[in-house]
Amino acid sequence: MSKDQIKNLIEGRLPEAGLVDTALKGVQLFRVTEAKPCVPAVYEPTVVAILSGTKEAVLDGEHHVYGSDKYLLCPMTLPVEAGTPLASKDDPLLGVVIALESRMMRELTMEIETAADGHRQSWDDAPSALALASWDVGFTQALLRLLELLDNPVDLGVLGQGRLRELCYAVLMGEAGAAARRAFVVGNEIARTIDYLSTHLDKHVTIDDMADHAGMSRAVFHRRFKDATTMSPIQFVKSMRLNNAAMKIAEGKTVSEAAWDVGYKSASQFSREFKRMYGQSPRQWSSMAQVPERLT
């Protein structure tokens, strides 16, 4: 019943296709009524919950297709391909995106560990990167309670952060909780290094720089990075740069501007790597690209 209530709340606020911000920072509602192929995107730490239809995200060749039976957890910034290949007016995609605030998630992770009083659950073997989790009772009720606030500005102002915290707690305690806690635990050097890379894409950042930033040897950093993201550091850096460039081109920037913005100094190298990644040249992409999906 709670899922139906959530669906009704979203439909009432979003009768037409679109992605809209709500009055609660970091919470967005979306409705998609036409099929869109998977295109390059960069996901920030988020939870995506679908109420109808199906959605797809691809990370390093692995396809994650999910609908109303699972929600998606993206615990760190990741270069992906994402789309809605089955959406239509008769079967629209309807859902909500919740940005995960790092400080809140770290604090909750610490409190959970403290409350467990030494009975810490291991997350060493937890899946990293993208994870799918079942809608358990805690998550469903927390999401409903959060969205119910949107109709009352006073309730939202007073209770909003508390309800958002309740939802984040439900994620940490749910099926994808181990992956979430692994990403947000204090001292997670990999997530911190990815944040550093994301803000320095236009700079020449080497693998040694990233390893130094994480305080690890190159060999240890390489192993832990791949465990966390499924990609090697070199592959990740290249994907982040090319995905960001593809998004910039789709949004109207010239090929040379997009290449420069993400750290490429050689136009020919950029074109070669872009075509190798996406199967078409940047100019071909600019003439046919759809505006990419942004989940923030």
### Query
Can you name the nearest heavy-atom pair linking Leu73 to Val47, along with the distance?
CD1-CG2, 4.1 Å

### Query
Side-chain contact, heavy-atom cut-off 4.5 Å: Lys203 with Asp209?
no

### Query
Once you round to the nearest 0.5 Å, how far does CG of Leu19 lie from CG of Asp21?
7.0 Å

### Single-linkage hydrophobic cluster Met104~Leu159, side-chain heavy atoms < 4.5 angstrom
yes

#### Entry: Residue pair Leu201, Asn244: steps toward the side chain to side chain contact (heavy atoms under 4.5 Å, CB included) verdict
CA-CA 9 Å; Leu201 284 177; Asn244 272 281; 3.3 Å; yes

#### Entry: Considering all heavy atoms, the nearest Tyr71-Ala170 contact
OH-O, 4.4 Å

### Validation row: Met277, Ser239 side chains within 4.5 angstrom (heavy atoms)
yes

### Message
Would a single hydrophobic cluster contain both Ile6 and Leu156, if residues Ile, Leu, Val, Met, Phe, Trp and Tyr are joined by side-chain heavy-atom contacts under 4.5 Å?
### Response
yes

### More than 12 heavy atoms from other groups under 6.0 Å of CZ on Arg224
no

### Message
As an exercise, state the distance from CE of Met76 to SG of Cys74, rounded to the nearest 0.5 Å.
### Response
8.0 Å

### Message
Do Leu14 and Val20 make a side-chain contact, defined as non-hydrogen atoms from C-beta onward lying under 4.5 Å apart?
### Response
yes

### Query
Can Met173 be reached from Met105 by stepping across I, L, V, M, F, W or Y side chains whose heavy atoms are under 4.5 Å apart?
yes

### Message
Does this structure show an ion pair linking Glu175 with Lys70, if we count only N-O contacts that are shorter than 4.0 Å?
### Response
yes

### Query
What distance do Met216 atom CE and Phe225 atom CZ have between them, rounded to the nearest 0.5 Å?
10.5 Å

### Test log, rule side chain to side chain contact (heavy atoms under 4.5 Å, CB included), inputs Thr206 and His204
CA-CA 6 Å; Thr206 68; His204 180 61; 3.5 Å; yes

### Message
Rounded to the nearest 0.5 Å, what separates atom CG in Leu143 from atom CD in Glu148?
### Response
10.0 Å

### Query
What distance do Thr46 atom OG1 and Leu72 atom CG have between them, rounded to the nearest 0.5 Å?
6.5 Å

### Query
Are there more than 12 heavy atoms of other residues, nucleotides or ligands under 6.0 Å from atom NZ of Lys265?
yes

### Task
Evaluate the side-chain proximity of Ser2 to Trp135: yes if any heavy-atom separation is below 4.5 Å, no if none is.
no

### Heavy-atom donor-acceptor pair, Arg241 side chain to Val262 backbone, under 3.5 Å
yes

### Task
Decide yes or no for Phe139 and Leu167: does some side-chain heavy atom of the first lie under 4.5 Å from some side-chain heavy atom of the second?
yes

### Query
Are Asp91 and Ser88 close enough, and set up right, to give a side-chain hydrogen bond (donor to acceptor under 3.5 Å, both in side chains), and what steps lead you there?
CA-CA 5 Å; Asp91 186 19; Ser88 67; 5.4 Å; no

### Carboxylate-amine/guanidinium proximity below 4.0 Å for Asp155 and Arg145
no

### Message
Please evaluate residues Glu111 and Leu172 with respect to the criterion side chain to side chain contact (heavy atoms under 4.5 Å, CB included), reporting the C-alpha separation (whole Å), side-chain torsions for both, the decisive distance (0.1 Å), and the verdict.
### Response
CA-CA 11 Å; Glu111 290 178 27; Leu172 286 163; over 6 Å; no

### Query
Do Leu24 and Gln161 have side chains that get closer than 4.5 Å, going by heavy atoms?
yes

### Task
Please step through side chain to side chain contact (heavy atoms under 4.5 Å, CB included) for the pair Trp285 and Val39, ending with a clear verdict.
CA-CA 11 Å; Trp285 169 261; Val39 297; 4.1 Å; yes

### Message
According to side chain to side chain donor-acceptor pair (under 3.5 Å), does anything in residues 252-263 pair up with another residue at least two apart or in another chain? List the pairs.
### Response
Lys253-Asp261, Thr254-Ser256, Thr254-Glu257

## Note on the structure
For Pro92 and Thr33 the tightest heavy-atom approach is CB-CG2, 4.1 Å

### Query
In the single-linkage hydrophobic clustering (I, L, V, M, F, W, Y; side-chain heavy atoms under 4.5 Å), do Leu51 and Leu86 co-cluster?
no

### Task
State whether the number of non-hydrogen atoms from other residues, nucleotides or ligands found under 6.0 Å of Phe270 atom CZ is greater than 12.
yes

### Query
Minimum heavy-atom separation for His200 to Tyr196, with atom names?
ND1-O, 2.7 Å

### Message
Keeping Asn243 on the side-chain end and Glu81 on the backbone end, is there a donor-acceptor pair under 3.5 Å?
### Response
no

### Message
For a quick test of reading the model, state the closest non-hydrogen atom pair linking Ala245 to Ala258 and the distance between them.
### Response
O-CB, 3.7 Å

### Message
Less than 4.5 Å apart, side chain to side chain, heavy atoms only: is that true for Leu59 and Glu62?
### Response
no

#### Entry: Nearest heavy atoms of Ser198 and Thr77, plus distance in Å
OG-CG2, 3.6 Å

### Query
To the nearest 0.5 Å, how far apart are CD in Glu166 and CG in Leu146?
8.5 Å

### Message
Using side-chain heavy atoms (C-beta onward) and a distance below 4.5 Å, is Val42 in contact with Glu44?
### Response
yes

### Query
According to a 4.5 Å side-chain heavy-atom criterion applied to Ile, Leu, Val, Met, Phe, Trp and Tyr, with indirect links allowed, do Ile50 and Val65 form part of one hydrophobic cluster?
no

